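Take a look at the structure below.
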Amino acid sequence: SLPTKYINCSSQKCVCSDCFYATNSYKSCAYQRCWEYNKTTQTCNDLRKDQRTAFLLSLFLSALGAANFYIEQNLIGGFQLAIFLGIPILVCGLLLPIAYYYIDCDDDNDDDAKRILCIFNVSCVVWILLIMMWWAADIVTFAEDLRMSGDGCPLRHNLGN
């Protein structure tokens with residue numbers, strides 16, 4: 001049975017609070033999955049992730065996917081981390097050593113060297129723009145509370161408090 005201190009069923013309609021919600025007919029209350037009722041202490045514990053924490057993580061550590069890992073959106077967070085680390089490792093760790101092996105850096109007339117440096121510069125600019133766009137999108141997403149956590153629960157609204 002549900003605790004009566006969280007349920008008010010008068011005039012044939014139930015008003016439920018905290019960890020309960022009114023059923024379709026409003027004649028009973030049921031547990032919400034984003035809340036946990038502790039029978040021992042008779043209190044409701046909010047299991048939702050913090051919007052403020054997600055926003056701050058997106059503001060300072062968005063490129064690492066920290067906010068998405070925090071709200072258990074691990075696929076999105078992993079993709080962000082892969083882009084942040086993968087592109088520099090690919091360009092600096094693999095492509096540049098191969099390019100420098102094939103080009104003569106001492107030859108001022110070497111068009112291959114100029115082409116390789118141009119590709120490197122363009123890839124760095126594209127990488128930086130991609131990180132910045134994702135950072136801006138994350139800030140808006142978490143400021144406006146547009147993303148659910150991985151368990152399907154909405155974030156706890158506490159950014160303006």
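Because only heavy atoms are used, hydrogens play no part in the values below, and waters and symmetry mates are left out as well, while side chains stay in. Owing to the predicted nature of the structure, the values given are computational and were not obtained by experimental measurement.
At least one side-chain heavy atom of Asn68 sits less than 4.5 Å from a side-chain heavy atom of Phe142. Counting heavy atoms from C-beta outward, Gln51 and Arg156 have side chains that stay 4.5 Å or more apart. Considering only heavy atoms from C-beta on, Leu155 comes within 4.5 Å of Ser149 through its side chain. The side-chain heavy atoms of Gln80 and Leu64, taken from C-beta on, include no pair separated by under 4.5 Å.
Clustering ILVMFWY residues whenever any of their side-chain heavy atoms sit less than 4.5 angstrom apart, transitively, puts Leu85 in the very cluster that holds Leu61.
Atom OG1 of residue Thr141 and atom CZ of residue Phe55 lie 11.0 Å apart, to the nearest 0.5 angstrom. Atom CG of Asp46 sits about 4.0 Å away from atom CH2 of Trp35, to the nearest 0.5 Å.
The heavy-atom pair separating Glu36 from Leu47 by the smallest distance is CB-CD1, 3.8 Å. The heavy-atom pair separating Cys153 from Arg48 by the smallest distance is CB-CG, 4.1 Å.
Counting non-hydrogen atoms of neighbouring residues, nucleotides and ligands closer than 6.0 angstrom, the CZ atom of Phe69 exceeds 12 such neighbours.
By the 4.0 Å N-to-carboxylate-O rule, Arg147 lies close enough to Asp138 to be salt-bridged with it.
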Going by atom type alone, with no hydrogens or angles, which donor-acceptor pairs under 3.5 Å involve a side-chain atom of residues 70-77 and a protein atom two or more places apart or on another chain?
residue	atom	partner	partner atom	Å
Tyr70	OH	Asp50	N	3.0
Glu72	OE2	Lys49	NZ	3.4
Gln73	NE2	Met148	O	2.9

Quiz: residues 125-135 side-chain donor-acceptor pairs under 3.5 angstrom, not counting sequence neighbours:
residue	atom	partner	partner atom	Å
Trp127	NE1	Ile83	O	3.2
Trp135	NE1	Ser58	O	3.4
Trp135	NE1	Leu59	O	2.8

